[in-house]
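Comments concern the structure below.
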Number of protein chains: 2
Amino acid sequence: MSFSNVNLDELQYIDDDGNNKSKRDEVKTPLRNARRKSVTSPPRMLKPPGEDESGSNSPANSITSINSLASLLREKMQMLPATLRKKKTTDYKTRIFVALLFITIVVLIFCAYFLYHQKVLQKAYFQKIKFNKIKRIMKIYNNEGAEIIRARLGTTINYDKALPCLPIDEKHDGSICSEWMGHARLYMQHHQFNSEVKCYNFQWISLKDSMAPTDCFELSQPNDHWYGGGQTAESAWPLENGNHDFAPFITGRVDKHEYGNVLKRYFLSSKGVAIIVDDQTPLYVSVAGVNTKELCLKAQYDDFAYVNRLMKTAQLNYSICTSSDMMKLHSNLVENALWDGLKREDMNVVNSLLTEPLWEITSSSKSELTEETISNYTDNVVNVLSFLKLGHVLINEFWQKNVGDFEVDSERFPGLEEVIEIMHRRGFRIVFSIQPFISTESFNFYEAVKKRLLVSERFSDRRIPALTRYKSSQSAGVLDVTNDRTIPWLVNKLKSVLAKYKFDAYYLDLGTAYNMPHYYQCEKPLINPDQYKTFFINSLQSGVSLFGVNSAVERPKPPTFVSLPQFESSWEGLRRVIPTILTYGLLGYPFLIPGAVGGDVEAPETLFYANYSSELLPDKELYIRWLQLATFLPVIRYTHLPSTFGDDSVLDMAKTLTSLRESKVTPLLKKYAKTSLDTGLPLIRPLWMLDYNDTACHVVADEFSIGDDLIVAPVLYSGAREREIYLPAGVWKDGIAGSLRKGSRWIHDYKVEQEQVAYFERMPDNTRF
Amino acid sequence: MSFSNVNLDELQYIDDDGNNKSKRDEVKTPLRNARRKSVTSPPRMLKPPGEDESGSNSPANSITSINSLASLLREKMQMLPATLRKKKTTDYKTRIFVALLFITIVVLIFCAYFLYHQKVLQKAYFQKIKFNKIKRIMKIYNNEGAEIIRARLGTTINYDKALPCLPIDEKHDGSICSEWMGHARLYMQHHQFNSEVKCYNFQWISLKDSMAPTDCFELSQPNDHWYGGGQTAESAWPLENGNHDFAPFITGRVDKHEYGNVLKRYFLSSKGVAIIVDDQTPLYVSVAGVNTKELCLKAQYDDFAYVNRLMKTAQLNYSICTSSDMMKLHSNLVENALWDGLKREDMNVVNSLLTEPLWEITSSSKSELTEETISNYTDNVVNVLSFLKLGHVLINEFWQKNVGDFEVDSERFPGLEEVIEIMHRRGFRIVFSIQPFISTESFNFYEAVKKRLLVSERFSDRRIPALTRYKSSQSAGVLDVTNDRTIPWLVNKLKSVLAKYKFDAYYLDLGTAYNMPHYYQCEKPLINPDQYKTFFINSLQSGVSLFGVNSAVERPKPPTFVSLPQFESSWEGLRRVIPTILTYGLLGYPFLIPGAVGGDVEAPETLFYANYSSELLPDKELYIRWLQLATFLPVIRYTHLPSTFGDDSVLDMAKTLTSLRESKVTPLLKKYAKTSLDTGLPLIRPLWMLDYNDTACHVVADEFSIGDDLIVAPVLYSGAREREIYLPAGVWKDGIAGSLRKGSRWIHDYKVEQEQVAYFERMPDNTRF
């Protein structure tokens with residue numbers, strides 16, 4: 001220790017001697033004093049001389065060798081201090097400036113590094129996508145560079161390290177592959193749908209059984225609204241008003257399940273983004289989140305909806321398409337050219353349904369439906385409601401003795417041929433309802449089991465049919481349409497009934513996916529129970545005339561209409577009609593049969609159903625308001641005749657509305673039916689289809705427009721005599737007052753008496769009185 | 001160092017001086033010389049004088065102080081070397097002896113440690129069990145200390161560390177609890193069944209879902225043979241001759257499944273050990289192993305046999321019971337006092353069945369069974385086979401139009417009352433076969449669905465029945481007997497048919513566990529599908545007279561007989577009869593109906609079934625040999641009349657055998673039926689029941705004994721005219737030659753012509769001609 005002190009001392013002195021003394025004095029004096037103190041401190045380190053010797057028992061004692069070393073160091077050190085000393089001579093301010101400069105450079109380097117790191121994490125793909133592989137946040141930008149969708153991908157992956165895929169897993173089709181080892185693999189691909197629409201495909205492949213790939217899309221961005229999917233329990237329009245947990249995306253009844261009778265794996269946002277999910281994906285959907293609502297898509301196999309594992313593990317496969325605006329995007333993506341394969345007669349059927357009412361003869365029990373019931377009902381229509389077109393009479397499944405007979409019950413209908421002939425002469429068309437079910441009561445059941453025409457029970461003997469319940473059938477088998485025996489057998493039966501009774505068409509009452517037996521097994525495996533409907537409708541359409549179906553996941557060819565779900569007879573039920581018909585229109589179903597005026601007898605609300613008997617009627621005000629709404633919808637469907645209220649005001653109302661429908665609505669419906677066949681756009685449109693840039697239009701769920709020409713704003717609340725109305729851009733003629741109204745604005749507290757309905761006809765933009 | 005040398009030197013000299021010189025000279029001279037050499041060695045340790053001083057620069061220099069210390073030590077050391085020196089004086093041989101002694105002691109200590117460690121691992125429990133917790137090898141010893149069973153417990157546990165259970169898991173009932181952390185817990189308990197039988201209960205509780213507790217018992221120990229369980233595909237007697245992988249222990253058909261129509265969770269070994277498995281255990285059983293055969297028990301829930309999880313995880317719960325010998329053990333464990341609750345009429349029914357034949361009228365199609373068929377058949381019996389008792393006529397389910405009608409088909413049987421009356425007058429008793437199934441064809445199906453009398457489909461709407469197939473019913477529901485509505489409904493129907501047609505009893509054709517719908521769900525959850533049978537039989541027995549059942553897991557009360565499974569019409573089928581009837585007898589079913597003479601029409605071998613028509617007959621030699629065997633079995637059952645062969649030799653044979661049965665067999669059967677009611681022992685016994693100590697008796701599978709009195713050794717191979725016969729201890733009278741035979745020995749190449757059957761009657765031990 002004493003050795004190092006000595007050396008330091010010497011070096012200090014060397015420095016002082018061999019340098020410019022003036023500089024040092026100016027700046028370094030305080031420092032030098034401090035150093036000198038330490039140099040003069042040897043007395044503090046006093047030690048016994050003997051110890052000094054024993055502590056350093058080697059070269060320390062030879063002073064000469066130290067001096068020679070010191071002189072060597074002295075030479076070397078002369079070079080360095082020369083430059084250092086020069087800086088010390090610059091003035092104070094310059095030095096602060098240099099320090100700041102230095103700090104700035106350091107900060108900039110750090111910023112650059114940070115941003116670079118960010119950039120590395122959030123890589124850009126296909127020019128418009130930014131994706132952070134660690135947080136798995138993805139953003140897509142439009143051509144103008146604005147963010148149009150933000151998503152959290154792979155939310156169920158509990159692992160952060162993304163790697164490039166192994167060469168064996170690469171697809172070599174331009175897709176980018178990333179893998180979260182042992183969890184999931186993601187393929188991203190870009191394809192130009194057409195000149196106006198860009199699409200990005202995302203395919204998650206789960207790498208373990210317990211991983212259900214899940215992607216969530218933010219719904220709560222400012223001025224962003226979403227539509228599509230299907231009817232939900234909340235009848236949400238736009239979609240973000242809904243709120244439900246993950247549910248399999250299969251048809252059901254919204255009183256029991258999450259989704260309604262018509263579905264499409266299609267979601268559209270007002271910022272011009274659409275999500276289209278592949279049919280083979282075992283899709284679960286949720287709309288959830290407290291502050292930030294998200295639309296989440298999940299791929300998961302289960303034991304009913306997605307029991308047939310097409311892939312080894314669940315795959316989530318969907319495309320995100322973008323265009324400059326939502327209308328352009330939707331027009332490009334919606335199925336068009338619906339006229340393809342359409343015959344002239346088919347067009348006549350479509351027009352007749354748009355023009356004439358649909359009379360539905362309901363009866364809660366088999367015995368109530370007889371020749372007499374039918375005659376009485378139609379007599380009533382002819383005599384009391386002569387102002388109405390006669391239209392179509394829909395007879396439910398009770399024309400058979402047991403569901404699945406596919407033969408007229410000759411006990412209750414001994415002279416049905418004659419009755420039908422009389423009805424035909426009066427101008428009615430007659431439609432018989434059929435189901436894909438064969439009741440165990442039916443004499444056909446034995447034959448169907450023997451010929452193996454029925455859906456069988458999984459993991460059992462394939463010959464054992466699986467049973468289900470539907471409406472009046474307490475136990476019934478389901479026709480397996482995936483084999484090549486059932487449809488010929490069925491069509492043959494249906495044709496022979498048609499030949500004998502000469503009625504006009506069949507209505508197919510398919511039930512929902514949940515009416516499939518829980519352990520169903522078809523000859524060919526179904527992707528999901530809904531695929532059954534598509535099989536059934538398509539194969540039956542080529543055999544017999546199909547008037548309508550009550551559930552679908554693919555649009556049946558016209559002239560087959562699709563029914564809206566059943567709405568309960570309540571104001572709540574009435575308010576569900578518009579969001580539902582708007583959603584179904586967006587999904588690509590232009591030809592829809594709305595529920596019965598006043599609510600459906602067989603509506604999902606069991607409370608209502610239980611209380612109902614043929615004597616019970618809907619609330620009169622509700623019936624009137626419902627009739628006002630129905631007047632503007634594609635098909636008007638009656639279960640309760642307006643005459644049954646025994647109230648002239650109701651009859652008068654019906655008369656007025658009928659003539660209104662004939663003069664204003666029917667021509668428009670016919671006009672837009674033609675457009676629909678060409679473009680796939682709905683007859684009944686949301687306001688935003690008239691002005692997609694107007695953000696106020698995006699959220700209106702209680703008005704609609706027939707094509708682009710007529711806005712309807714019915715009253716949907718009990719006792720209400722006024723309502724808020726929004727008109728999109730343009731000049732509109734008030735249907736009640738006859739006055740002109742300027743669009744793009746709200747009309748507050750618009751008065752609507754009970755016998756009135758608010759509607760607005762589009763006028764040329766230059767119209768002035 | 002020099003210091004210690006110096007001191008040692010000094011001490012040495014001190015020793016030499018202060019001790020008895022004579023002793024030292026005698027013995028220790030060689031040693032002392034050696035020491036002296038080292039003492040005289042200082043020159044080797046030559047060091048510079050200066051160093052000596054620096055190395056010991058403190059008290060070493062004062063010689064005086066060292067001398068005082070040395071003198072102190074000298075005194076102390078005088079005591080010790082005195083004894084050491086003495087040993088050193090013993091001669092060479094003694095030293096080797098000592099070394100050997102020492103090595104022996106070390107080895108012994110090691111052995112003791114090793115054995116102690118072994119002992120610690122293989123702890124003894126309840127005096128007679130040794131259990132090594134690490135390897136989980138368990139051995140049980142009898143009172144004489146001989147090992148009687150060896151088992152590998154918890155074979156599926158993949159973890160070696162056993163700990164005592166937490167206090168919360170202890171049962172506080174004297175059981176010992178061990179836990180393999182996170183895998184399984186084992187409770188062992190001892191209870192004295194009675195003064196002769198000791199039982200040990202083992203209960204494994206799985207602690208995770210994937211753990212199926214499995215215990216395996218060695219079957220291949222010398223002179224150890226096992227019996228019980230049920231009929232297996234191999235018809236193994238003893239059990240270790242079988243070989244099959246794990247199968248759920250539920251009833252089935254051995255052509256399709258592992259086990260037959262009657263089961264009991266009871267296994268017995270010739271060393272006097274029985275394993276009884278708890279009813280609630282979801283039991284899988286295997287008999288497997290190439291060199292060492294093992295009987296393995298596994299507890300595992302699944303999706304059909306053990307779908308109702310009574311516990312959170314699978315539990316394997318069984319008892320091992322031991323006694324001094326297998327007969328004593330079996331007599332104690334078998335259900336006895338079967339007469340409890342028996343009426344005089346019931347005993348008459350039993351006796352009539354043992355005495356009179358059972359005529360089974362089979363018909364492969366419904367239309368073949370008419371009043372005429374029945375009349376013709378019985379006419380044939382009366383006219384041609386007048387030497388036979390008339391007995392019971394069993395009519396299959398085709399008396400109904402559709403299975404589940406529970407009404408006579410009036411189209412095919414317009415005058416059945418009269419036919420039955422005629423048959424009654426002739427002396428027949430008439431039995432109608434019923435099933436727990438209701439065909440979807442039956443008019444009762446609708447009512448049963450409506451009243452919810454049927455087994456429903458799991459996870460579906462509880463009102464939807466689950467279907468199955470059985471025999472002629474291509475789709476049928478299953479009556480749910482766990483509710484309180486079904487049995488009254490059924491008994492009511494059955495009673496009214498009985499009241500109208502006045503026949504004698506019903507035969508219950510239950511099918512096997514596998515005839516339950518795959519996704520069955522009863523109102524009360526079943527432990528397994530077999531529990532259904534017990535419910536059904538017990539509740540029906542109190543309502544109507546039940547003649548027999550064709551499947552059981554619990555013995556029905558007498559006079560209800562249990563059918564053996566159906567045997568195909570082949571020599572293979574014939575050879576299955578004896579092992580099966582012996583097994584069922586051991587399981588506690590004394591009153592058995594063997595299959596039809598010549599093989600069953602509806603036998604499991606589908607090859608046979610497909611080729612069969614009413615004209616086809618079994619092979620004549622097979623029929624004769626079968627008839628010879630059947631003559632000695634409890635009930636003789638005919639499907640094909642001996643007259644149908646059109647061969648007088650067959651008819652003569654039948655006549656001879658009938659008189660033999662009447663004179664020799666029926667009295668014995670009646671005698672032992674009474675014994676059975678008291679003891680639960682079978683009528684038809686394996687040879688070892690006559691002499692359980694005779695190891696040769698343990699493996700005989702082609703002979704049997706009626707009670708203890710008559711040994712039967714039928715010919716079971718095509719074309720054979722001789723066979724090997726073993727007779728147990730005693731004096732036996734040869735049935736063919738009439739000569740006396742000494743027991744406990746083999747009779748080789750015993751001649752048996754086609755019209756002969758070998759049997760031996762027991763004579764008093766002192767009989768001599």
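So that the names make sense, note that chain A is the first sequence line, chain B the second, and so on, each numbered from 1. Computed from a prediction, not measured in an experiment: that's the story for all the values here.
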- Item | Lys450(A) side chain reached by Gln474(B) side chain, heavy atoms, under 4.5 Å | yes
- Query: For chain B, which residues from residues 521-529 of chain A lie under 4.5 Å away (heavy-atom distances)?
  - Reply: none
- Message: Out of Asp461(A), Ile464(A), Asp303(A), return the one with the most heavy atom pairs under 4.5 angstrom to chain B.
- Response: Ile464(A)
- Would you give the length of the straight line joining atom OG of Ser460(A) to atom CZ of Phe304(B), rounded to the nearest 0.5 angstrom? 8.0 Å
- chain B shares the most heavy-atom pairs under 4.5 Å, among Thr468(A), Thr440(A), Leu467(A), with Leu467(A)
- Query: Side chain, backbone, both or neither: which part of Glu441(A) has a heavy atom under 4.5 Å from chain B?
  - Reply: side chain
- Message: Students often mix this up, so state it plainly: with edges at 30° and 60°, are the rings of Phe459(B) and Tyr519(A) parallel, tilted or perpendicular?
- Response: tilted
- Query: For the atom pair CD (Glu457(B)) and NE2 (His518(A)), what is the distance rounded to the nearest 0.5 Å?
  - Reply: 7.5 Å
